[in-house]
Structure formats: structure tokens, C-alpha cells
Protein chains: 4
Amino acid sequence: MAGNSFGQLFRITTFGESHGEAIGVIVDGCPAGLTVDLDYIQGELDKRKPGQSKITTQRKEADTVKILSGTFESKTTGTPIAMIIPNEDQRSKDYGHNVDIFRPSHADYTYFTKYGIRDHRGGGRSSARETAARVAAGALAKLLLKTQGIEILAHVSSVGKIDAPNVSITNAEEFIEQREQNIVRCADPATAVEMIEFIDSVRKDGDTVGGKVSCHIQNCPVGLGDPVFDKLHADLGKAMLSINAVHGFEFGSGFEGSSMRGSEHNDVFVTDADGKVSTITNFSGGIQGGISNGMPIEFKVAFKPVATIMHNQQTVDSTGKAAEISGKGRHDPCVVPRAVPIVEAMAALVLADHWLRNKNSKL
Amino acid sequence: MAGNSFGQLFRITTFGESHGEAIGVIVDGCPAGLTVDLDYIQGELDKRKPGQSKITTQRKEADTVKILSGTFESKTTGTPIAMIIPNEDQRSKDYGHNVDIFRPSHADYTYFTKYGIRDHRGGGRSSARETAARVAAGALAKLLLKTQGIEILAHVSSVGKIDAPNVSITNAEEFIEQREQNIVRCADPATAVEMIEFIDSVRKDGDTVGGKVSCHIQNCPVGLGDPVFDKLHADLGKAMLSINAVHGFEFGSGFEGSSMRGSEHNDVFVTDADGKVSTITNFSGGIQGGISNGMPIEFKVAFKPVATIMHNQQTVDSTGKAAEISGKGRHDPCVVPRAVPIVEAMAALVLADHWLRNKNSKL
Amino acid sequence: MAGNSFGQLFRITTFGESHGEAIGVIVDGCPAGLTVDLDYIQGELDKRKPGQSKITTQRKEADTVKILSGTFESKTTGTPIAMIIPNEDQRSKDYGHNVDIFRPSHADYTYFTKYGIRDHRGGGRSSARETAARVAAGALAKLLLKTQGIEILAHVSSVGKIDAPNVSITNAEEFIEQREQNIVRCADPATAVEMIEFIDSVRKDGDTVGGKVSCHIQNCPVGLGDPVFDKLHADLGKAMLSINAVHGFEFGSGFEGSSMRGSEHNDVFVTDADGKVSTITNFSGGIQGGISNGMPIEFKVAFKPVATIMHNQQTVDSTGKAAEISGKGRHDPCVVPRAVPIVEAMAALVLADHWLRNKNSKL
Amino acid sequence: MAGNSFGQLFRITTFGESHGEAIGVIVDGCPAGLTVDLDYIQGELDKRKPGQSKITTQRKEADTVKILSGTFESKTTGTPIAMIIPNEDQRSKDYGHNVDIFRPSHADYTYFTKYGIRDHRGGGRSSARETAARVAAGALAKLLLKTQGIEILAHVSSVGKIDAPNVSITNAEEFIEQREQNIVRCADPATAVEMIEFIDSVRKDGDTVGGKVSCHIQNCPVGLGDPVFDKLHADLGKAMLSINAVHGFEFGSGFEGSSMRGSEHNDVFVTDADGKVSTITNFSGGIQGGISNGMPIEFKVAFKPVATIMHNQQTVDSTGKAAEISGKGRHDPCVVPRAVPIVEAMAALVLADHWLRNKNSKL
């Protein structure tokens, strides 16, 4: 069973290796009549692309996206939308020395054992490069959601042990502007400075460090999510966990909620003057019984440190013999700044899918 | 799009409300020739059933499972296996007083808004009662996995702020025996005593508390998991998050891993005398690049406190008017002891599915 | 990969063997708020049930359907609807003599070889008995379609070489009334008499004969069908071909259309006074480019003769040795009269599914 | 719900319009380790491409396929295989005059009504041009099947009222050689001459004509097909009916079988000296109970005449007003010669999918 499709009604299928011809995606199920703003899609890709700053990998890729099908005079036609991003800087000779060696905490060993063959160039399909296709498709999903006023807003909330304070989000544009003012994509400027310094010092050590991305979804209508298995947070969780390097997902009260009591955790319902129901607290993270309740959706994603480090490491080769690996190549000291658009993209794909699915909840 | 099926090749579809005629499940895709031990399946259900002890709900259900199809002379035949569990103690009058009131942090409001109608009796489909069907199907998956030596072993590792020390697991039977010696299902006997006392005090307060379940999977072969979306941990995460009250999932180093450096987090490969590759540490939690690497799979699940408490609470009714709710009915002060077999069942469903899927990874 | 589910949004999963405890179906994805008329569902099952007349099998089954979940006060709630039909007349001793013998043109040999095990009682899962579950689910789909005025109207158009003239259908109720006035379910009374006589003579010979069912769908809106693979007629074709004994499917001009010229086959568009577009002829059978065009949908299904005959036949047993089989048991001399409700049910499932799917064709 | 994917385990997703940048396909689920013979794939495309002979459309397309991902050193790696075919001869000005007119028996009206927008250039997505992507993917499926000795062999068996006699097929290569010796792709040379003459005369009339393609599958193992819905012939039927212009599908005895008696239709089992079970006749068409029985699989596909003719025709425009259309553009007088590789491709996709699915039929 193939694992390269995601979503039911707004469904994507991606392809491409780190050092192949191109990577890309087919989006099937996008309703006809959506205006496709190619600049917006390219802008999202630019936030993910390598070589942005001193704290990201120095690989250079323009990551220029091209739409091959599914639009006519800048509108979607209801037919599948194929988007392609050529690979340009395929410096595969950098990887020649690791052909037969399993890099620690990479996917080399598992891919080789599972498939009996491995495209060793830059991690092949297991490279985070494949996430560019997700960002392109997610940007389209965002455009769809924007027609409904739904905004997906993520930022870096932790790097190593440095945690940003909670950022109160009211205006989507302001939030994005503030986040984009620093290269680590943390919406709290003071913490951002600290994070950048820390990542830079880790980079100089030839090391890497993990971090967390927090996501807030505004204006999600009540009703998205399909119990009992396709609960909204279950699909969000799967989406996030499918991103390279993610080791944890929590929403609402999350792991801390497990040490709380019901009497403090319950979100009390109130009605405002216009009859709109909301809750005073939001420990439910905007989702109750697996269905969005109209409050902001809040979740957090934990990324492990990037496995490629500039140190010598012990390992084994494909014959099982002990080997030493030296960390050449170009990689990120910390993945979270570039992970922000990926988290947003995957969240958008889940929301777009469930927004379409919810059309048929009742007669 | 319906959300009541789970899995691709080992696929289940469940049905049933808390106070309807019956709940049940169809398992489609189980290979023919598996010996079905009905006593084992019933035994798993007995671990989940209500009314087991003073720290679980007092609702009484025999939860007797019956197989309607798909087996012949105690073997699976390759046709769909339907299992049914009649509801017996449907004391729905207990719920009569809440017909039009949205209970805080329950699914009443979201179901009513999404579907325009709600079976208010005991939470209807949103009741954790539906998990009995998962446990029955999961028990079948476990039987399939046992033919391969794969064992799925969960226990309660936290209740409120009480954390059990790490339990080293070598023998599956011993672990289960030890866990089942106490009513909270914690494999560390000393912590279990503490947890039980605490839950009992919370119960006496008319309150509830959350907790965590840790899961360890032994003897999983290398190769399970289908990148880039159906990574093994992504499917495990979705499975866990689809369980009622779950607010978080992490595997391997999890959330803590996000504050580590690559140089400490990387799992170094070594080969033993028989040529078997393993890693010295297991921060990867048995999964690399979304594919099992032959090390034990380790993950943790966070449960929020049960929303039903025996206190008066403010809320609104279906017309939006303020209302007060008083907590009658019979519910669990802490859900984790009964969640252990559910976590194991869902993990088994994911593993069985990916074990079948992996048959076609190479020619 | 399991094959017991059908449909994407209006999705059914069936279970059950000829001589097991029960057969049944889960319908997942039916919108909430549909009034469920249980008498209507039972009425559809009564048209399929065995023992109706002298030209159907003498097996007696009440085929009483029971709804286990998914409705509340006679309305669907958006949760899965499980329906169950107990098996009553499980005279499996009739089949004891054929345990190890492969009946010619039955599924005994293929099931045994594929699964390595076979529930030989009455054909097990390969018995047409499983179609009762389809009829129950299809009746629910019909109720959904009736809310849109869509009517699915099938009848027996051929038995052996006896062909009914084309029946012009205007009023759905009249058509059904006329069809149900004879036991062969042909809407042309004169042909019906001839068919019944012929089937009766075939029955007396201990033989069986094939036939055709024609289906006409009224008031289908423009727009159902999802190119390029899930064209409406492709899904109808699969639905029909999945019914036991079906060997052919054609729509519109069908096989005859292959010998026509474009200039005679093209359906010319015209607009009536109200601006409604229609076509003068309907060689397209109501479907163009895989999408319904608002004209009546017309298709025809060919059924082979039932394989169970009351003659002695040569065959082999499960060890490959030559064997003779004598045709005991109770079976239909001609399957088409009982196939009419099955054809309608499967068509309804396809239409309901595509009606839901079409909600998302445009913004 | 999107309709541009086909298959479960060997799964394809296609994209592309007649006059867009490119068409293409992603194949997900092809096992790793398959040698990819790009020349073979190109050769299959060459059989489908336009401009081959005087009896096909004069549009010129090189139809050169390029693989973008999923292979490494000419072997599949288990990752998705993307193939792309650029559009070259996009003479869209030919279509400018039909922008707002609905061509009779084309998909213009249904697409416009369903999606609210239409890429009118050459039929957009509804053009048979999309089948090139199917042929590329099908060629890969054929390569997979060839590793098992399975051969899929189709030819033109009817054009208009001209029927070829049954062709006995023993050697796959000889059959293909014989078929490819004439431009109509009929394996009976004498009938081929007659067909070509007839098509040419129809072409000179500015008209079109339908035809039939017969397909024979050799060496299919016993066991492919998943009852009760994904029967092998049901999936073959859907595959064929999804091809543009197909109006009918039958297998084995087909429509004629419906007028036969059971006593003549039943296929008697025999065992040969090696213990291999076969049947004396093959009215079952190689499939019993929805599962292949090891006999050759035989089916037939009916194609309606191409809708584009060089005559003036009455129709309506997008405002509902009467309009006249004159048939410019370049089109096929008869579609079946170019349909042969498409029928084979779709059959290969079904067989490859079920061959993978069957790996899990028993423990």
C-alpha cells in the first residue's frame, strides 16, 4: 500500500527525490472556481526554501513552482492540479562517500532494508526536500480556506530549552508580519534574538538542535472533523507526525492536561449578545469530540534535532561492518524556522479536506 | 466523508451508540487461516469493560462479544469478520435531564451543530463505549501479530502528577501479569498503590483526573511504515489521538527530544555477533524515516481528565440560554486504567495493517 | 486488500455467509436528518427474498431487517447505520455431500485456492445471499434519493431468448405497480406470461436460464460522476458487475452503438421554453463524459444462468480427483426476477454516493 | 471527491488537459526492484499516439515520456514514480470557434454545468489525450506482470458491423506481431483489410464509426479478485468503462450467456496429468465468483463512434440559444485502433493491483 497520498476529498499525491529531476504534487478534489494566486504559492515556498539565512542549510534552490494542469485563466477547473518544482542544485557528489554507510538516526538503514535498494543521493525520498511539494499544495488549500476567512498561523515557540512566551494573536496579517521580521520565525521578537544566537552557536559547534512549532487556527467554523477515527485533531496529528523530524503532537491542554482535574479543565460554555456560543477557557484546543467547536484551534509540534551533524560518528555499513561517518554536505542546524510553512501547509490540507467533507454532514 | 473506518489492508469499520441495541465492528482484510481464540478476545474486552473496580465507572456491562461471520471451524476464512457486543445496561433515564443541555467539554455541542440532531443518551456515538468495538478488533489484530512474535505492551505510566519510573520490559507475559495485579494497570507496583489512592480521593471529591499510558512494542520487524504520509508513527499517532480524551502523542524522545542536540540524540548503529543491526540508544523510538528499525517501538499517550464530574457546572442549552448542569450518571474518575487495552488494540490495528502492507515493498 | 466495502461518501461494508449467524451491513456517510422508513426497507428486502413464488428457490427466509445503530427517533444521526438480517433456514445438511467437491461454474475452486479454506455451506460468502445486505443499504440510499425526486426503476427485460419490448416509463409508481403484478418482474404483462411459462419449463427440466435486467433512472440532476476514473457509468458498471452471475453491462446505445456512425449516434441538444437543455435522442444513456446530463440514465445488465442445476455433472474434488456431483439443494431456475431489487439497490448506492460527491464540484 | 486515481495497491493518479503544458501520472505502490525498460514504455505510447496512419487523427504529438522520480539506476525504489508527457502540438486556435457552444455527445455541457467553468481547448480534461498517462502507467504495470509471465493481449475485433473471427492465441509475441502488421490492429489479416477500407470510406464521408476491442489475458494465476465488491471482472469493467467512448463491457459468455441454459453454460472441471485443474469450456471467461480461476481471462469492450464529425450539426450554446456547429479540428474516424494499447494498459493496472492485493489472502 502506497503512502504518498494525503486527504480524502482535498487529496494530494506527492513525488520526488532530493536529487532527482523534480519534485511535485497532484492536488485532486479542489473545487472549481478558486482563483489561484501563483505569487502567493511561490511566497509560501520561499519561506521553506533552503539558503534563506545563516541559520538554514546553504544548499541553494530557487524552488520555482510551475502549474501544469487544472487551471484555466487563473481559476481552478475541477480537474487535477499538478505542480512541479525542478531540482537545480543537485550536488550529489557531496554524498558519494556515504553510498554504503547508514547514517545514524537517518532513514538509510530502514529504507535499504524495506526496499532492498536505496537512492543514497541526499537521502532520496526521505529528504525533507519532499516537503516543498506539501507547501505548494498547502498554499492552494490556504487559498481555499481564505475564501472562508480561515487563517492558519504558526510560529517557532521553542528552540532547544528556549521557550517563547504565549503570543496573543488577533490579526493574522500583523502576526505574520511580526513573525517574518526575524529569521527564526518566532513571533516574540525578544525570544527570537535569543533563539538565533543559540542556533548560530550550535551551528558553529557543527551540531544541531530541536525545537517546537505552535499553531493557531482562526475562524474555523463549528463542525469540522469526522468521528470516530477521523477526528479533526487525529488528522492534524497524523499530518504533523508525517513531517520529517517530528516526534510529538499535542493540542489544547496537551500533555500538561493529563495532570489536571476535570473541574479545572472543563471549558464552560457561554453565549454572547449575538447568540454565538463560545467557551471561557480553551483547554479543548478548539476541538470537542473530534469536531471543531468554533474556538481557535491550538496545537504544538515537537521536532527532534536534525540527524546530520558535522562530527565524526560511529555506525555500520550495508554489510553490517563497523564504519565511521564524517558529516559533510549542507544541512540545517535547526529545522524549525523552515518548518513553520510546512506545519501551516499540512494544517491547511487537513482543514480544507474536512471543510469539504463537512458539506455532507446533514441533509 | 464517513470517519468510522480505520486501516487500509487490515481495515475495521465500527458502529454503535452508548444506549442503542448494540455496538460492533466489521474487520475486512484479515488473512484466511488465522486461528481465532474467542476467549482471548473476550479477555481483552474484560480489561476494558466498565464496573471492574472501585476506580472505574459503576455502569455494568457484560460486554460479551459474538462473532457473526468470517470464521469457519475457528479459523478465519478471508471474508469479513463481524463482531457484535449487545448493550445491556442502557439506563438512559439517567440522562433524561440533560436532553437539551450542552455538557462542558463533551461533544454535545459539536455533534448537535454538525449533525443538527443528537442522540443524547449517554453521549450517543461520542461515548467511550464505542471503544469496545476497537478492542474486539484489536484483539484479532493481536492474534495475527502473535503469529509473528510481535507483542504490544502498554501500562499506565502517569496519573495526575504521579509518574511511574521507567519499567524495563523483557518478558511479555511477566509484564502483563505484573500490570494486571493492580486495578490501575501500572506495571510498577509501588507507584500503582499511590495512583489508586489518588484516584480514589479524586473520585470522592466528585472530580476526575487525567493520566498517561506508555506503550512498548516488541519484536516488530524492520520495514513497517509507508512514507511519506503513512509513516508508522504518524499512523500510530492518529490511532491514539482518535481515542476519546487523548490530547497528546509522542514517540521515542518525544517532546523532550526537541530540547536535545543532534550529537546526543543520534542513535548509533552497531552489529552483534549474528549480524543483527541495532542501535545503542533508542531516541528514535524504534522508527526511523517513518519505518520500523527493529528496535522496540516506544510511545506515550496523554489523556485529559474525564469531562463528567459530580459538580454543578454552568453551561448553555441548545437554544443558547444559560443553564446549570448537575453531574449525575456513572462515570470514570480516571480513564487510563481502562484505556490500556484500547491503546494496545489501536496499536495492534496499526501494526497489523502495516505488516500486511509491507508484503509488497519489494519484488 | 479487502473488497467488502463500496462507495466513497455513501459507503457500505457488508458481511455474512449463507449459513452463518447473520448477514448485515454498515452504512457510513449517510447525512443526518434523513427519515428512515423501516417498512420501505423491509419491502425492498421482500422483493429479493427467497421462496416468493414457484419460479424462485424454495429456501424460506423471513429476511427481517433490524437497525442496530445510527438512527434516533426514526431519523439518521450522521453516525454509522448498522443493519442486520439473521439467517434462519440454515439447512446446511443439504450441502454436506459437496464438502470436498468443486461445483462447476461456482466459486468453490477459486475460494478454496485463494484462501486455503472454504466455508462450503451453501456457498458461504459467495452465495447470492450476501445481496440481501446490499438491498437493505440500497433501500436507505433510495430514501435519500427520493428526497431529491430521483427514482430508480428496473425490470426484467429478457429471459433466455425472450425479449420484452421497450417499456416507456413516465410515472414511477405506475411502473412499479405494473412490474409487481407478475412474479417475473417484467413491466410488459404479455411478455411476462411468456417468461414465466418458460422459466417454469426450465425448472421442470432441472435446468436454469439467464436473462437481462434493464434500468431507468429518472430525475437525475446534471453533474453526477467524477472523471476520469469515477465516471458515473464506470461506477454503475462496477456496481452491476459485482452482483453474482452478472456477465455484462452496457449503457445508452451499448454494444449496438459500436456499429453505428457518429452522424446517427450524436444526441442533438435543444432548449425548451423554460430554458431546460435536453437532447432529442438519448444514445448517451443520460451520461456524457462520465457525468449525468439530466436525461434519463439507461443501462442493461446481463445475468448468466445459475450454476446449480438438478443434473449430474462431472467435476473434480479438492485433491484434484475426478468426481460426480448431483444437484441437490434449493435454487433459482432463473435469477433475474429476484435480481431486480438488487440492481436497483446497487444503482441507488452509486447515485447516492455521487450525489454527495457532487456537492464539492465547485465553490 | 476526486476521481483521478485508480487502483488500491498499485495506484495511479493522472493529470493534464488536451492543450495544457503536459499530461502525466504518478504511480504509487509499485514494488521496489522492478527493472524499468523506458523503451518499452515509449513503445506502448507510440501505439496510442495520434498521427500514426491515415485512419487516425492528424494531430501530431511525439508523446515522449520522461520519468521524474522513483527509479534509481533503472530500477524502481519503492517511491512514487512520476511520468510526464509534454503537450507539443497545442493548436488551440482550431477550437476558438466553439468556445461557447456545446458539441453534441461531447462532455462540454456536462463539464460546464458541473464545474461552472470549462477549458474548451480541445476538450480539456475530457479529451482522450488523458489516456496517454494511462498507457504510460499501464506499461509499467505490464513490466511488473511480465515478471510473473502474465501477458495482456488485445486487438480490434469489430469495426462497425465488420466482425473478426475468433483468433486463437497461443504465443504472445506472435499475436502482437500479427496485430501490429496492420494499421487497424486486428489480429485477423483478412478482416483487417476490410476494416481499414471501411474506416477510410467513413473518414471520407466526414463521419465516424464505433467498434469493439477483445482482450485475452494469459497465465493469470488463480486467486486474483476480492469479493464481494472488488471482483476481478468488476474492476476490469470499471477500468474499461472509464475509457473515453466505451459504452459496454462483457466477459466470458457476456450478453449472449444470458440466453443460455445452465446445463450448457457450466464449465466442467478437469485435472491434467500434472494435477493442474482447468475447465473444458471457458464461458466463465477465466473468472469464477469474482476470482481468477487460472483459465485465460476473456473480455470485450464496445466503443461508440467518436462524436466529432465533419458535418454541420444543430446544438445549443452556453446561454441555451440554438446554434450550429461545423466540425473543424483533427479527430479519429474510428477510435478502436488507438484504443488497443489503452485497453491493455487499463487491464494491466487492474491485474497488477490485484496481484499485489492477493499476497495477503492467507497467512
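What you see is a predicted model, and the numbers here were worked out from it, not measured in a lab. Within every chain, numbering begins at 1; the chains are lettered A, B, ... in the order of the sequence lines, protein sequences first and strands thereafter.
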Aromatic ring pairing A:His120/D:Phe72, orientation class (parallel under 30°, perpendicular over 60°, tilted between): perpendicular
Report which part of D:Lys114 has an atom under 4.5 Å of a heavy atom belonging to chain A: side chain, backbone, both, or neither. neither
If we define contacts as heavy-atom pairs under 4.5 Å, which of A:Lys75, A:Arg125, A:Lys66 has the most with chain D? A:Arg125
Within the 6.0 Å centroid threshold, strictly below: D:His106 and D:Tyr111: no
Measuring heavy-atom distances to chain A, does D:Ile84 have an atom under 4.5 Å in its side chain, in its backbone, in both, or in neither? side chain
So which residue, D:Ala82, D:Pro80, D:Ala32, D:Ser69, ends up with the most heavy-atom pairs under 4.5 Å with chain A? D:Pro80
Output yes when a side-chain donor or acceptor of A:Asp353 lies under 3.5 Å from a complementary backbone atom of A:Leu9, and no otherwise. yes
Verdict with reasoning, A:Arg11 to A:Asp28, per salt bridge (Lys or Arg N to Asp or Glu O under 4.0 Å): CA-CA 5 Å; A:Arg11 183 167 179 85; A:Asp28 200 13; over 6 Å; no
For A:Leu143 and A:Leu34, which heavy atoms make the closest approach, and how far apart are they? O-CD1, 3.8 Å
Given the options A:Gly70, A:Gly24, A:Ser5, which has more heavy-atom pairs under 4.5 Å with chain D than any of the others? A:Gly70
